[in-house]
Amino acid sequence: MPTYNEVWQALAAAFPEPDDADAYVPALYYSQMADALSGLSKVYADAFRDAVYLIQKNGLTSKRYTIVEHFRETRRVRLERVREDYPDVYADLIHVDGRTAQNILGASMLFSQCVEKAGEAAVLEKAVITVKDLEDALGVEYAAPYLTVQKSHDFFEVAVQ
């Protein structure tokens, strides 16, 4: 199997960096190479998954290689067992997350209950109206004056003028 350096050298030989007085030409070259290699990486990843699938489907073995399967572990609390065995701990810890509370109660009701609990000043420091909600309520054109737009750098692109 080729190493990283061998692949790099083969690509550099097959697709040499342009030697151009215009500094934009190498920038464009690197941008296009990055895009091509990103796409090629996906092709190889798909081919790898297909190869593993065929190996497993056909029960193939090798004297030199094996497939090592890695797992991600997800742990969840078994609520019913905690409630039965530790009712006090259950009562102290049971809750719903904010998104679930908002889905159940609705944003306005949740806001009102937070104001009752913590006071309006404390809640207003953290309160929001989503852009989508405002645009849905007023229409995109009428919501625009009430929005601030902040730009942050995302990436560069070399474009032909």
Heavy-atom donor-acceptor pair, S112 side chain to S108 backbone, under 3.5 Å: yes

Going only through I, L, V, M, F, W and Y residues with side-chain contacts under 4.5 Å, is there a path from L60 to F48? yes

Residue M33 excluded, over 12 heavy atoms near CE under 6.0 Å: yes

Would a single hydrophobic cluster contain both Y53 and I67, if residues Ile, Leu, Val, Met, Phe, Trp and Tyr are joined by side-chain heavy-atom contacts under 4.5 Å? no

Nearest 0.5 Å, what's the CG-CG distance between D133 and L138? 10.5 Å

Do K132 and D136 sit within salt-bridge range, that is, some charged N less than 4.0 Å from a carboxylate O? yes

Test of understanding: clusters of I, L, V, M, F, W, Y form through side-chain heavy atoms closer than 4.5 Å, transitively. Do L110 and I104 belong to the same one? yes

Would you call V158 and Q32 a side-chain contact if the rule is heavy atoms closer than 4.5 Å? no

Do E80 and R83 sit within salt-bridge range, that is, some charged N less than 4.0 Å from a carboxylate O? yes

Is L28 reachable from Y30 through a run of hydrophobic residues whose side-chain heavy atoms are each under 4.5 Å from the next? no

So, taking the atom named CD1 in I129 and the one named CZ in F111, what distance separates them when rounded to the nearest 0.5 Å? 9.0 Å

In terms of heavy-atom contacts, does CG of L11 have more than 12 from other residues, nucleotides or ligands at under 6.0 Å? yes

For E120, is the CD atom crowded, meaning more than 12 foreign heavy atoms sit under 6.0 Å from it? no

Least distance between heavy atoms, Y29 atom then P16 atom: CE1-O, 3.7 Å

Taking the six-membered ring for Trp, are W8 and Y4 parallel (under 30°), tilted (30 to 60°) or perpendicular (over 60°)? parallel

Are E84 and Y90 linked by a side-chain donor-acceptor pair shorter than 3.5 Å? no

Is the number of heavy atoms from other residues, nucleotides or ligands within 6.0 Å of CG (D50) greater than 12? yes

How long is the straight-line distance from CD of Q102 back to CG of D97, given to the nearest 0.5 Å? 10.5 Å

In Å and rounded to the nearest 0.5 Å, what is the CZ to CG distance from F15 to L37? 9.0 Å

Which heavy-atom pair separates V7 from P2 by the least distance, and what is that distance? CG2-CB, 3.8 Å

Between N58 and L54 (side chain of the first, backbone of the second, donor and acceptor by atom type, cut-off under 3.5 Å), is there such a pair? yes

Minimum-distance pair of heavy atoms, taken over all atoms of M109 and L105: CB-O, 3.2 Å

Of all the heavy-atom pairs spanning Q56 and E69, show the shortest one and how long it is. NE2-OE1, 4.4 Å

For P18 versus P26, what's the shortest heavy-atom pair and its separation? O-CG, 4.0 Å

